[in-house]
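To keep things clear, I will list the structure first and then write my remarks on it.
For ligands, and for the atoms within them, numbers begin at 1 and follow the listed sequence. All values reported here derive from a predicted model rather than from experimental measurement. Along the sequence shown, residues are numbered consecutively beginning with 1.
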Amino acid sequence: MLIRTTASSFDSPVSSEITPQDIYHARRDLMKLVATGAAGVTLASWAGRRAFAQTIQKPGKLAVLPAGKSAVAGAMTLEKITDYKDATSYNNYYEFGTDKADPAKNAHTLVTKPWSVVVEGLVKQPKTYTLEDLIKLSPQEERIYRHRCVEGWSMVIPWVGYSLAELIKKVEPLGSAKYVEFVTLADPKTMPFVGSRVLDWPYVEALRLDEAMNPLALLAFGMYGEVLPNQNGAPVRLVVPWKYGFKSGKSIVKIRFTDKEPRTAWNKAAAQEYGFYSNVNPTVDHPRWSQATERRIGEDGLFAKKRKTLMFNGYEAQVGQLYAGMDLKKLF
Ligand SMILES: Nc1nc2c(c(=O)[nH]1)N[C@H]1C(S)=C(S)[C@@H](COP(=O)(O)O)O[C@H]1N2
Ligand SMILES: [Mo]
């Protein structure tokens with residue numbers, strides 16, 4: 001994979017990486033700055049506008065995880081990055097409680113060292129990776145993704161990791177492998193809500209193999225230039241930006257290749273509400289609420305005007321072909 005790290009290459013991204021939505025939102029952010037008088041000369045050029053949109057403040061809370069800017073098409077949205085504070089205090093991580101504030105309060109008990117990830121099932125090279133080996137398997141990239149929860153909120157998060165495809169290629173799936181299952185940690189000693197009846201533990205998620213091979217599917221080890229905070233799924237999680245957030249399992253301990261569609265935690269809990277695919281889709285509502293709009297966390301306060309939700313969360317150019325010919329109302 002091509003890794004570009006210099007500022008000059010960042011200043012001339014190929015056009016396929018920039019969507020009309022990205023340009024629209026970047027321009028709108030700039031207009032706001034101009035209106036408040038905050039825009040200085042450095043924002044006069046297009047490069048300046050993008051530099052503004054992409055500047056990532058390292059929070060200085062956890063170990064730094066160096067990464068080059070990603071060259072994967074679509075991997076660097078220009079939209080305004082969500083404040084670290086919001087991204088780390090408004091979470092879903094049911095092993096630590098069902099309230100959005102619970103993971104930040106409770107996840108300090110998660111033990112992330114030592115950590116290993118078992119890769120098994122229909123592969124030629126099954127292997128147990130230590131976290132250290134897994135981190136070194138491919139160069140770390142920074143990716144700025146839109147992140148959309150099925151409950152109707154969204155954020156923009158700079159992740160650090162590499163394409164899940166890099167790991168998949170290393171373990172060589174057999175021809176019979178059609179799905180990839182992700183099993184996450186379920187430790188009742190350190191996770192106070194494992195054992196509660198909301199979900200059948202461990203939290204399990206899965207992708208079709210071709211979805212898992214799409215370069216946007218990210219195995220993430222960090223965010224905002226540092227290792228993942230516990231509440232965001234330390235030490236390793238999945239990020240699948242064109243799907244609702246629950247497809248992105250946190251604190252992964254096992255990756256299994258199968259020939260049958262795996263049962264997933266939310267599908268088991270409420271099959272009529274959470275399908276296997278769960279692609280972000282403004283035209284298919286959740287049975288109890290609309291999916292047509294979203295509220296961007298940290299944007300304009302509590303009474304924020306809602307934004308229109310984009311098909312495949314704005315990643316249609318990159319992933320639309322995976323679903324050609326499928327009835328997405330049935331296979332939601
Ligand atoms: N193990 C585990 N992974 C999980 C969840 C969970 O409860 N347990 N919640 C999911 C949901 S519903 C969402 S929206 C995202 C939230 O990720 P974030 O808190 O980093 O924004 O994590 C997903 N991964
Ligand atoms: Mo979610």
Side-chain angles (χ1 to χ4, degrees), residues 59 62 81-107 110 112 115 117 143-161 181-188 190-207 217-224 226-255 264-270 273-275 278-280 286 288-289 291 294-298 309 313:
L62 297 167
I81 291 167
T82 300
D83 283 347
Y84 183 81
K85 197 167 158 290
D86 289 329
T88 56
S89 59
Y90 192 89
N91 302 100
N92 274 340
Y93 197 165
Y94 275 29
E95 290 84 337
F96 294 103
T98 55
D99 195 89
K100 298 286 171 279
D102 284 344
K105 269 187 236 150
N106 299 332
L110 176 68
T112 58
W115 194 274
V117 177
R143 307 247 183 121
I144 306 176
Y145 282 170
R146 284 178 285 271
H147 178 59
R148 170 66 156 81
C149 175
V150 73
E151 293 164 278
W153 48 271
S154 65
M155 301 189 190
V156 174
I157 298 188
W159 300 106
V160 179
E181 182 183 68
F182 305 89
V183 182
T184 73
L185 184 70
D187 176 19
T190 54
M191 300 171 130
F193 288 79
V194 164
S196 76
R197 299 217 253 133
V198 243
L199 289 172
D200 188 10
W201 312 99
Y203 190 100
V204 171
E205 258 309 334
L207 298 170
L218 185 72
L219 198 59
F221 302 89
M223 58 194 266
Y224 298 78
E226 301 180 355
V227 298
L228 288 169
N230 288 356
Q231 63 266 39
N232 292 83
V236 57
R237 70 173 294 173
L238 200 64
V239 184
V240 191
W242 68 95
K243 293 183 182 267
Y244 292 117
F246 69 87
K247 294 299 285 183
S248 298
K250 294 177 169 181
S251 310
I252 292 169
V253 292
K254 189 183 287 184
I255 300 178
T264 60
W266 279 105
N267 185 258
K268 276 196 231 172
E273 300 190 13
Y274 309 103
S278 295
N279 290 312
V280 175
H286 182 279
R288 290 184 282 136
W289 59 80
Q291 295 292 22
E294 65 199 61
R295 186 168 62 91
R296 186 62 56 83
I297 299 294
T309 288
N313 205 22

### Query
Which is it for H147 and ligand 1 at heavy atoms under 4.0 Å: side chain, backbone, both or neither?
side chain
### Message
Heavy atoms only, cut-off 4.0 Å: how does N91 contact ligand 1, side chain, backbone, both, or neither?
### Response
both
#### Entry: Any E181 side-chain heavy atom under 4.5 Å of V204 side chain
yes
### Task
Answer side chain, backbone, both or neither: which part of Y203 comes under 4.0 Å from ligand 1, heavy atoms only.
side chain
### Query
Any idea which protein heavy atom is nearest atom 15 (C) of ligand 1, and the distance to it?
G245 O, 3.6 Å
### atom 9 (N) of ligand 1 - nearest protein heavy atom and its distance
N92 O, 3.3 Å
### Message
Using side-chain heavy atoms (C-beta onward) and a distance below 4.5 Å, is T88 in contact with Y224?
### Response
no
### For atom 22 (O) of ligand 1, the protein heavy atom that lies nearest, with its residue and separation
K250 CE, 3.4 Å
### Query
Quick one: does E294's side chain get under 4.5 Å of R146's, heavy atoms only?
no
### Task
Report yes if W159 has an N/O atom closer than 3.5 Å to an N/O atom of ligand 1; otherwise report no.
no
### Task
Looking only at protein heavy atoms, identify the closest one to atom 7 (O) of ligand 1 and say how far it is in Å.
Y94 N, 2.8 Å
### Query
Is the closest side-chain heavy-atom distance between L207 and F182 below 4.5 Å?
yes
### Message
Is the shortest side-chain heavy-atom distance between V150 and S278 below 4.5 Å?
### Response
no
### Query
Closest approach of S251 and A234, non-hydrogen atoms and distance?
OG-O, 2.7 Å
### Query
Going by heavy atoms, is R237 under 4.0 Å from ligand 1?
yes
### Query
Do any N/O atoms on N232 end up under 3.5 angstrom from N/O atoms on ligand 1?
yes
### Task
Report yes if the side chains of Y93 and N230 come closer than 4.5 Å at any heavy-atom pair, otherwise no.
no
### Query
Can any side-chain N or O of K250 pair as donor or acceptor with the backbone N or O of N92 at less than 3.5 Å?
yes
### Task
Report, in ascending order of atom number, the atoms of ligand 1 lying under 4.0 Å from any heavy atom of C149.
14 (S)
### Query
In terms of residue, atom name and distance, what is the protein heavy atom nearest to atom 24 (N) of ligand 1?
S248 O, 2.8 Å
### Task
On the 0 to 90° scale, with breaks at 30° and 60°, tag the F246-Y244 ring pair as parallel, tilted or perpendicular.
parallel
### Query
Which residue supplies the protein heavy atom nearest to atom 1 (N) of ligand 1, what is that atom called, and how far is it?
E95 OE2, 3.0 Å
